[in-house]
Amino acid sequence: EPEVTQTPSHQVTQMGQEVILRCVPISNHLYFYWYRQILGQKVEFLVSFYNNEISEKSEIFDDQFSVERPDGSNFTLKIRSTKLEDSAMYFCASSERLAVLQETQYFGPGTRLLVL
Amino acid sequence: DAKTTQPPSMDCAEGRAANLPCNHSTISGNEYVYWYRQIHSQGPQYIIHGLKNNETNEMASLIITEDRKSSTLILPHATLRDTAVYYCIVRPGDQTGANNLFFGTGTRLTVIP
């Protein structure tokens, strides 16, 4: 069964450093998402991406964040200058969206980011 | 914010049916009800979704009331591996926020041996 994969599974970085989280969505999916979950809190939407551009983003997704689909298979989330509060699990998701309101998003296993 | 209300926790004996309720009294006519679960910090896992009719797949059944103001997810024979947080999600009906899923706090289901 096809699945979303994410690398690395864990990432430790120093505050102020740049990190890139990588995702390989399910191959025939066209819609891509990033969510995050701070330890003990809810899963929160960050950004959605379609046709090589951001279609929606939350207030969390500020100028320090960017997304890219560099090669037609990978989907990346870059945090330009990490802060302590960026420590969280980051989940990638993808969907094929059969219709606007009927869409099943499939999630990857997540990358646990720890900012020291 | 999530448009659903779920009990914070439930227990279920192994092998018995787990019935997880969800209230969504402000649901609009074109909004689907989705259920996901999250097993201990893993990625959310899709379970099932529906609009107005009851639905069943290999994982679960979804019963939606006639007025669509509430629904119940049924795991027919719960196993220890079904211990997880279960999220009931109503997709927003307007174009703003139509992409994303709003996860609430869900119901923490514990399956007891």
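Computed from a predicted structure; not experimentally measured. Order of the sequence lines sets the chain letters (A, B, ...), proteins ahead of strands, with each chain counted from 1.
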Is the [atom1] atom of [X] crowded by more than 12 outside heavy atoms at less than 6.0 Å?
X	atom1	result
A/Asp62	CG	yes
A/Glu85	CD	yes
A/Leu39	CG	no

Checklist entry - Between A/Arg22 (side chain) and A/Phe75 (backbone), is there a donor-acceptor pair under 3.5 Å? => result no

Checklist entry - Under a 4.5 Å heavy-atom cut-off, does chain A meet the side chain of B/Gln45, its backbone, both or neither? => result neither

Checklist outcome for this item: Comparing A/Gln6, A/Gln37, A/Glu44 against chain B, the one with the most heavy-atom pairs below 4.5 Å turns out to be A/Gln37

Item to check | Selection from B/Pro44, B/Gly106, B/Gly43, B/Ser41 maximising heavy-atom pairs under 4.5 Å formed with chain A | outcome: B/Pro44

